[in-house]
Amino acid sequence: MDMVESSAPLPPWFTEEDLEAYGALYQKSGFRTALKVPYRSFEEEFNLPDTKVEAPSLLIMGEEDYCFKFPGMEDYIRSGQMKFFVPNLEITYVAEGTHFVQEQFPDKVNELLLTFLRKHR
């Protein structure tokens, strides 16, 4: 996990108290649980028939999300290949947003969610 320099300061929207709260939760459950799906389950076979999400769906991503650094991930998301599994997917990218875009730009994310929900009543 060399995507973040350990000496980098915390971003202004993420406080030391936030870090302590997340750290306490991971001490309780373990970090591996958070990575179980999908990162640790690539080799598992689930035998699920026709696994498509047909409901209208919204993915809000930050343009600077670190998941884009995983090999092939950015191309998979941006190319529209996800629509094979989620045909009614809308993707919105938030400029300067990271993996925690909902914490960085809560008002923007709320606006996007409410617009999506109104559109799909």
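You'll find the side chain of Met61 reaches within 4.5 Å of the side chain of Cys67, heavy atoms only. Between Thr98 and Tyr66 there is no side-chain heavy-atom pair separated by less than 4.5 Å. Within the 4.5 Å cutoff, no side-chain heavy atoms of Val109 are placed close to those of Glu103.
When the side chains of ILVMFWY residues are joined at heavy-atom separations under 4.5 Å, either directly or via intervening members, Val101 and Phe68 end up in two distinct hydrophobic clusters. Note on Met73: it clusters hydrophobically with Met82, by side-chain heavy-atom contacts below 4.5 Å among ILVMFWY residues. Tracing side-chain contacts under 4.5 Å through hydrophobic residues (I, L, V, M, F, W, Y), one never reaches Val53 starting from Leu113; they form parts of separate clusters.
Atoms CZ and CD1, on Phe105 and Ile60 in that order, are 12.5 Å from each other to the nearest 0.5 Å. Between Ile91 atom CD1 and Leu58 atom CG the span is 9.5 Å, to the nearest 0.5 Å. The structure places CD of Glu96 at 12.5 Å from NZ of Lys108, a figure rounded to the nearest 0.5 Å. Considering OH of Tyr76 and CZ of Phe84, their distance stands at 9.0 Å, rounded to 0.5 Å. Interatomic distance, Gln102 CD to Leu112 CG, rounded to the nearest 0.5 Å: 12.0 Å. Atom OG1 of Thr115 is separated from atom NE2 of His120 by 10.5 Å, given to the nearest 0.5 angstrom.
Listed for the Asn110 side chain is no donor-acceptor partner under 3.5 Å among the backbone atoms of Asp107.
Here the closest heavy-atom approach between residue Val86 and residue Ser57 is recorded as CG1-OG, 3.5 Å. Pro87 and Glu54 make their closest contact through CG-OE1, 3.6 Å (heavy atoms, listed as atom of the first residue, atom of the second, distance).
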